[in-house]
Amino acid sequence: MSHDDMSHDVSKLIRMATQMAQFFSSQPDRPAPEAVAAHINDCWTPRMRQDFVAQIRAGAEADPVVRDAAAFVRLPAA
Amino acid sequence: MKDFIIPDRDMGTPAVKSDITVNLLVDGIPVSVPAGTSVMRAAAVAGISVPKLCATDHLTAFGSCRLCVVQIDGMRGLPASCTTPVAEGMVVHTQTEEVAQVRKGVMELYISDHPLDCLTCAANGDCELQDMAGAVGLREVRYEPGQNHFARRDAEGPNPEYRPKDQSNPYFTFDPAKCIVCNRCVRACEEVQGTFALTIEGRGFDSRVSAGMESDSFLSSDCVSCGACVQVCPTATLIENSVIQIGTPEHIVKTTCAYCGVGCSFDAHMRGEEVVRMVPSKDGKANHGHSCVKGRFAWGYATHRERQTQPMLRERITDPWRVVSWDEALDFAATRLRQAQQDFGPDAIGVITSSRCTNEETYLVQKLARAVFHNNNTDTCARVCHSPTGYGLKTAFGTSAGTHDFDSVDETDLALVIGANPTDGHPVFASRLRKRLREGAGLIVLDPRQIDLLKTPHMGTGLHLPLRPGTNVAVLTALAHVIVAERLYDEAFIRERCDWDEFLAYAEFLLDPRHAPEEVEKLSKVPAELIRKAARAYAAAPRASIYYGLGVTEHSQGSTTVMAIANLAMMTGNIGKPGTGVNPLRGQNNVQGSCDMGSFPNEYPGYRHVSDPETRAIYERAWGVELSPEPGLRIPNMFDEALAGRFKGLYCQGEDIVQSDPDTRHVTSALSAMDIVIVQDLFLNETSNYAHVFLPGSSFLEKDGTFTNAERRINMVRRAMTPKNGYEDWEITQMLANRMGAAWSYTHPREIMAEIALTTPSFAGVSYDLLDREGSVQWPCNDKAPLGTPVMHIDGFVRGKGKFVHTEYVATEERTGARFPLLLTTGRILSQYNVGAQTRRTENSVWHPEDILEIHPSDAENRGVREGDWVRVASRSGDTTLRAHITERVAPGVVYTTFHHPTTQANVVTTDNSDWATNCPEFKVTAVQVSPSNGPSDWQEEYRHHSDLARRILPTAAE
Ligand code: SF4
Ligand code: SF4
Ligand code: SF4
Ligand code: FES
């Protein structure tokens with residue numbers, strides 16, 4: 001079968017985080033990066049969180065809020 | 001408890017609510033009834049059945065047959081008891097010589113124009129005309145045979161008054177020869193269903209029941225086949241075809257419809273293990289004796305010839321299926337699942353629960369993931385429909401559920417309907433809303449399409465805000481802008497129930513000119529004046545309610561939209577009292593339940609986060625295993641992980657993800673990358689084309705359990721027949737779990753419910769005993785509310801203060817451009833249900849044989865598309881073909897289709913965009929191009945080929 005096989009791609013996690021950033025940036029109650037990270041911690045598996053942080057650390061292009069959020073994302077104890 | 005034989009006594013006229021009680025004497029028996037009650041009903045309360053033909057407690061009294069006459073002291077003549085209201089001190093005699101004479105005369109007239117083939121009539125034993133002839137002691141008919149409606153011909157030739165049967169409807173037959181013109185059917189169609197498809201033509205002897213115009217049949221008329229007319233018809237004139245074929249039922253099993261989130265209660269009328277007919281229960285608290293075509297008639301799929309009843313397996317998905325024993329199938333499944341975990345880690349497998357399955361089944365499937373797989377990889381198809389409702393309402397109010405019961409609609413002064421099409425999606429609710437609209441309630445519709453609700457006969461004018469798909473948040477925020485700018489909000493409510501400063505912050509946000517109707521008009525195409533008008537109307541109504549559907553949730557801003565809706569309700573004080581509220585119309589029957597039961601990867605039953613140590617402790621104690629504190633994979637994440645080679649096994653109960661999830665190619669390639677896919681379903685569905693093990697499931701008629709409807713109502717599902725596949729679905733999950741090392745020993749779903757109640761505070765008071773006793777209860781049901789909670793947040797929000805979340809509009813990434821200049825939005829229609837697996841296997845397909853693309857005349861003309869042409873619909877994800885229907889129901893620039901048929905595969909076109917908070921896919925907005933085409937697309941051909949191959953079943957070895 002012909003299909004464009006995408007492996008779990010970089011852009012998708014960052015894209016999802018960017019959508020969250022767009023929402024939380026307009027909320028008054030707390031800094032957006034923390035809110036984004038809290039939502040990610042609530043909803044993403046450890047592996048997704050790891051991938052996400054790794055991508056940001058590797059310098060993936062992302063919205064500043066998303067980039068700052070990475071610092072608050074909880075990583076599983078190594 | 002299995003069978004209930006409840007004599008469903010017809011009280012003659014509907015119950016009346018009144019604070020005043022009236023006392024009277026009927027045949028010497030004292031009775032007290034609410035003022036406004038009819039003498040007939042009062043007599044029934046005293047245990048006396050007054051003969052009647054045109055009256056039934058489903059309908060307001062009509063007073064045409066005069067069979068129900070009685071004598072009342074001090075009143076002249078013989079009044080009709082159905083139309084005469086009771087009065088204090090009244091003395092009624094239901095049987096006197098004079099009364100008896102009149103009744104005999106009336107019956108004699110009726111019978112003189114009625115065929116006397118009672119013995120072979122389908123209604124024999126279940127005919128009110130027959131009963132009444134007996135009741136009044138009719139012994140002879142003195143009229144000479146003469147002009148009549150029933151004889152096909154007489155000595156002179158064909159009878160000009162005779163009309164043949166109308167058998168155009170697949171489920172019921174109309175035989176005018178037996179009609180007594182009691183008008184019940186016409187009134188049911190108007191009062192109960194609200195369709196106005198039937199009329200009485202002509203007068204006197206010439207009057208006849210007619211569906212639509214004279215040339216119409218039931219099928220070609222406006223009739224939506226709800227069956228209300230069939231249910232009230234006292235004779236065999238309108239009768240279910242199944243009764244004609246089988247005969248009268250002999251016992252009743254009370255159960256719940258397995259189709260939509262209204263959750264209608266039904267009496268399954270049975271003969272042995274065969275369903276004779278489904279009759280909506282009069283005591284059903286969601287539906288009060290009404291239903292739609294799906295619940296009443298479309299249950300034949302349970303015995304459809306394509307139903308699979310034996311387990312099957314295969315090594316590879318390209319192999320044909322091999323029928324095997326349960327042992328072999330389950331061993332294979334368990335071994336491969338464990339193997340996948342050994343090779344790829346504990347997180348490499350997961351489950352998908354279904355909103356079609358019972359609460360108990362769902363609970364077990366998520367327990368399988370958490371307690372046996374030792375991960376939290378459980379998700380439900382509710383992900384793709386109402387997950388934003390859960391998130392949004394929990395954030396705003398503190399609970400992931402609608403605020404009101406359906407009965408509340410009777411008290412609403414204005415209904416704001418957003419992104420929902422109730423007449424098709426939630427028909428019984430639509431009938432109830434239409435009734436209220438006819439009584440004068442206002443209607444505002446926010447939807448890209450002109451939905452049928454706007455065409456409700458005999459209502460006032462509804463407002464339609466035909467917004468561009470994807471601009472919900474902008475328009476709702478503009479409505480709030482107007483309410484704040486014009487100070488139409490309910491300050492007292494906000495100060496008491498919400499945080500005033502938080503509201504002020506939101507008000508400041510709203511007052512920014514970018515939220516003004518004039519600005520929003522530019523993106524939404526809704527005229528600013530219309531937005532203002534709608535905002536004023538909503539704010540001005542004493543009791544305004546909001547009902548919304550998937551047109552709200554299935555967007556990249558689905559969760560934000562839900563919160564914008566909650567904000568509107570809070571700022572106008574439309575929460576906590578009857579007739580108001582925020583009410584999601586759930587798609588499938590048990591969407592609410594499957595979410596409640598902990599199907600989501602980050603939440604235990606009752607919406608408690610997996611990281612919460614107290615909750616985990618409860619389950620660790622109950623289940624005796626250590627539980628993971630980390631959220632698991634959502635459905636779209638499962639697919640992504642599968643393509644990354646890290647997710648290898650899936651147990652999918654009762655869901656057809658290939659057809660129901662967006663971006664079909666992405667889904668099928670993900671499934672193809674797995675080592676073990678187990679599908680449990682009634683039929684070989686589209687997902688089973690990619691499965692290694694097929695476990696045959698049972699239908700709702702074959703099991704015990706509960707469904708929870710959109711108003712949080714827990715309804716009983718009861719086993720009416722033995723499962724054709726041998727097991728109820730929960731038993732199959734248990735067998736699989738035990739093969740993987742669990743030691744579960746449930747013997748009945750009631751034990752599963754007991755475990756749910758024990759571990760979930762909002763279900764603490766729920767038990768099968770309670771449900772048997774009460775019929776149904778709405779959660780929360782616990783010490784504080786032992787009989788459940790119809791309306792939530794009455795004195796305060798569950799979370800404390802209501803929360804105003806800011807609702808910034810963010811345009812979807814799915815913008816139209818030169819390549820894909822049109823916006824495709826999707827929906828559903830009345831006769832089909834979701835992916836259509838059940839309804840397509842019933843006669844319902846006469847109403848919807850294929851999916852159709854609705855397109856505006858100007859867009860069609862630009863593209864050279866004519867009515868009925870094949871067109872190709874292409875997006876950046878893929879393309880498919882279907883036929884076009886040209887209509888102004890959709891705005892220019894917007895096209896619309898349904899997704900009921902696998903050959904269309906509308907989801908080949910939808911994209912992987914999703915809601916920011918919950919990943920609920922953006923089904924409602926896809927940028928597409930439409931062009932003329934001459935047949936199926938390559939993908940459709942390829943898919944069909946694979947599908948044919950994948951469904952081969954090896955013949956079982958000859959014995
Ligand atoms: S079809 Fe039945 S309900 Fe309708 S008027 Fe005739 S007898 Fe009455
Ligand atoms: S089936 Fe329903 S819609 Fe059709 S005529 Fe009867 S009451 Fe009306
Ligand atoms: S499909 Fe919905 S409205 Fe129709 S009978 Fe079933 S629950 Fe009721
Ligand atoms: S039943 Fe009262 S008039 Fe027909």
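Chain naming here is simple, since letters A, B, ... match the order of the sequence lines and numbering starts at 1 in each.
- Between A:Arg15 and B:Asn913, the shortest heavy-atom contact is NH2-OD1, 3.0 Å.
- Of the inter-residue distances, the one linking A:Asp42 atom CG with B:Ser611 atom OG reads 6.5 Å to the nearest 0.5 angstrom.
- Taking the six-membered ring for Trp, A:Phe24 and B:His806 have ring centres at least 6.0 Å apart.
- Separation of atoms SG (A:Cys43) and CG (B:Asn637) is listed at 9.5 Å; rounding is to 0.5 Å.
- Within the model, atoms CE of A:Met20 and OG of B:Ser559 stand 10.5 Å from one another, a figure rounded to the nearest 0.5 Å.
- The shortest distance between side-chain heavy atoms of B:Pro631 and A:Arg49 falls below 4.5 Å.
- Between A:Lys12 and B:Asp640 a salt bridge is recorded (basic side-chain N to carboxylate O distance below 4.0 Å).
- Between A:Gln27 and B:Phe509 there is no side-chain heavy-atom pair separated by less than 4.5 Å.
- Proximity to chain A is limited to the side chain of B:Tyr391, based on heavy atoms less than 4.5 angstrom apart.
- For A:Asp29, the part lying near chain B is the side chain, with the backbone staying farther off; criterion is any non-hydrogen pair under 4.5 Å.
- Side chains of B:Thr560 and A:Phe23 form a contact here, defined as non-hydrogen atoms less than 4.5 Å apart.
- If you measure heavy-atom distances from B:Ser628 to chain A, you find no contacts under 4.5 Å at all.
- Between chain A and the options B:His609, B:Glu603, B:Glu808, heavy-atom pairs under 4.5 Å are most frequent for B:His609.
- To the nearest 0.5 Å, atoms CG (B:Asn919) and CE (A:Met16) are separated by 5.0 Å.
- For a residue to count as touching a neighbouring chain, one of its non-hydrogen atoms must lie under 4.5 Å from one of that chain's; by this rule B:Val805 touches chain A with backbone and side chain alike.
- Between B:Leu633 and A:Met48, the shortest heavy-atom distance links the atoms CD2-SD, 4.0 Å.
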Does A:Thr45 form a side-chain contact (heavy atoms from CB on, under 4.5 Å) with B:Glu630? I'd like the steps, not just the answer.
CA-CA 6 Å; A:Thr45 64; B:Glu630 291 290 358; over 6 Å; no

